[in-house]
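Nothing here was measured: the structure is a model prediction, and the numbers come from that model.
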Number of protein chains: 2
Amino acid sequence: MADVARSAGVSTMTVSNVVNGRPRVGAATRERVLAAITALGYQVNLAARHLRAGRTGVVGLAVPELERPYFAQLAGRLADLFEAHGLRIVMERTGASREGELNAVAFSRLRMYDGLILSVVDIDPGELSRLNTDAPVVMIGERALPSRFDHVMMDNVGGAREATAHLLASGARRIAMIGGELDGPANMQGLRATGYATAHREAGVPVDPALNVQCSFRLQDGYDAIRSLLDRSISFDAVFALTDVVAMGALRALADAELRVPADVQVIGFDDLDEAAYLVPSLSSINPGHDEMAAAITARLLAHLGGDEPVGPQELIVPARLVLRGTTR
Amino acid sequence: MADVARSAGVSTMTVSNVVNGRPRVGAATRERVLAAITALGYQVNLAARHLRAGRTGVVGLAVPELERPYFAQLAGRLADLFEAHGLRIVMERTGASREGELNAVAFSRLRMYDGLILSVVDIDPGELSRLNTDAPVVMIGERALPSRFDHVMMDNVGGAREATAHLLASGARRIAMIGGELDGPANMQGLRATGYATAHREAGVPVDPALNVQCSFRLQDGYDAIRSLLDRSISFDAVFALTDVVAMGALRALADAELRVPADVQVIGFDDLDEAAYLVPSLSSINPGHDEMAAAITARLLAHLGGDEPVGPQELIVPARLVLRGTTR
DNA sequence: TTGAAAGCGCTAACAT
DNA sequence: ATGTTAGCGCTTTCAA
């Protein structure tokens, strides 16, 4: 910028004014400055601008894995909403590790982001509470966090309960649960398992722990889980998959085993991905309230950034609802 | 930082040394500084650090839409590779618009990113050439760009040709092309259409333009494209879908029309998404060389960042290969 | 309408 | 082992 100023025979201040389109610059001066800018190929240095301004116009979205469709689809929605407020969404991954999640928070506090949306999976609630409460952070995700941060969650227990209840009501008695963890911690695995168990209790149907296959959340994991049940000759007449991705893997395994869906085995997933409606048969799933989640997250973060009275941390649970399609009777 | 220094009775330089874990600090001093940091809740300001260092340790990945599985899966691969070099990948979207793409380049040149991986869809090649050539930018994507930037592309023509040739060899004579654009510009739509046409010419089978349905690349678009052919009673015995996502939409439409795949209609997609192998029937597709793409992109960008001799811009075409699964005979 | 000065928070280089 | 100086590139404030 100093170069441009020298070349145009003005002060850096005038260059700054031109670059930022501020009004009080003479037309002739402006021309000269613009010419110098072009000639020298000058570019603003945002790092310096941010250092001065104390803000970046960027909101971070930190998720466990970039390739998980649930987060990719959420990111698209959030990008739409934030764009309307002149903010850019950038997405990064935490690797679902404590370290990655802390890094993300650190990065944000360190002012590369004006605000951060953090999907919490592995971080220790205790560690969370040591962090600066009034950081512009909105937590999302599965786990109930006894924290003083804003937290928008989906109704994991309610959704899983509804899915399971539907399967039980339609006659299923041995519902395999893939990816859940009975009596597990209050994370996604544990919460959805709680819903599964609750529905069983309410229907007076006993839970068989042998039907609970723990696994992670890739396609192959869903496939392997079904294979493992079949290989051990554990019979089941329905599948509650913890995510739609796992459900897709499961559907493939069922097809390979020549089990008919939904005639022999019903399947319900969780997430209601865009893909769910297009599978053959189309996948029944729990819609975790995508639009409401995105809207709530945006509203909370904007409230932080608005910088008005720091309305105390809020915890919001977005209702889930069952979407019945072709994999259920 | 000045506060911490004052509180600990040292200079800011010493604080900086402690924060950065540099060796030449006395143990007692270090203790005092750390105590002051904790007491004051001090956080490094990365904006200032970057201003000084002239780098951020961040590589941007700018893609048309965050929710497209192809890019989400590519992002995951790139994140792995760059992480090994101490660089963070952050993903943002351009909205597939000229403006968004230019913004992404601008942002990068403006030094928020050390480097940028840009998926070019809509930008005008002429505009590209006005940009600073030695910016650490690697272009990816479909289109052949007569530009002086590094460019890693997949083999759109070759892949489409191979897919179409296989369908023709297996007896198909009326292959619907969904999402392509015969005689279109040299973008993804046009290039893959060229491969489609080439295979027809080589097999001596005429191309019927009525079989080419143009559309965008969401699930519903693939669905609607098939519906449109059926509604107009345009017969076809195979489908070449421009992307796997479109293919999934098409498969659903075929199922709704009670057409059997692959007995009545064969289907081949393009992208070889993770999902392809798990669909029922599993989707035959063109694998555009995911790992090679990611490796090439990483290598080119690291070469820029290495800052050694600026090896001239390279254009690399990664070979594609046909993966046959259940939707083909 | 334009400019000079000061400083955002950090660190490399050079003292001490 | 610790401190001083200077400056990264920008913008706010105040003066001309």
Give me the bend of the helix from C:dT1-D:dA16 to C:dT16-D:dA1, using the axes of the five pairs at each end, rounded to 10°. 40°
Evaluation steps, side-chain contact (heavy atoms from CB on, under 4.5 Å), between B:Phe71 and A:Leu66: CA-CA 9 Å; B:Phe71 289 111; A:Leu66 296 172; over 6 Å; no
Under 3.5 Å, side chain of A:Thr12 to main-chain N/O of A:Ala5, donor-acceptor pair present? no
Would A:Arg88 and A:Asp114 pass as an ion pair if we require N to O under 4.0 Å? no
Value for CG (A:Leu74) from CZ (A:Arg68), rounded to nearest 0.5 Å, stands at 13.0 Å
Contact boundaries of DNA chain C with chain A (under 4.0 Å, heavy atoms), 5' to 3'? C:dT1 to C:dG9
To the nearest 0.5 Å, how far apart are CD in B:Gln314 and NE2 in B:His151? 13.0 Å
A:Met154 side, atom CE; A:Ile317 side, atom CD1 - distance, nearest 0.5 Å: 11.5 Å
What distance do A:His304 atom NE2 and A:Asp150 atom CG have between them, rounded to the nearest 0.5 Å? 4.0 Å
Answer yes when B:Arg93 and A:Glu83 have at least one side-chain N-carboxylate O distance shorter than 4.0 Å, and no when they do not. yes
Validation row: A:Leu87, A:Leu305 side chains within 4.5 angstrom (heavy atoms): yes
Please determine if A:Arg6 and A:Asp3 form a salt bridge, counting it only when a charged side-chain N lies under 4.0 Å from a carboxylate O. yes
Sequence-aligned protein contact record of nucleotides 8-16 of chain D, with B where the base is within under 4.0 Å of a protein heavy atom and S where only the sugar-phosphate is: BBBBB----
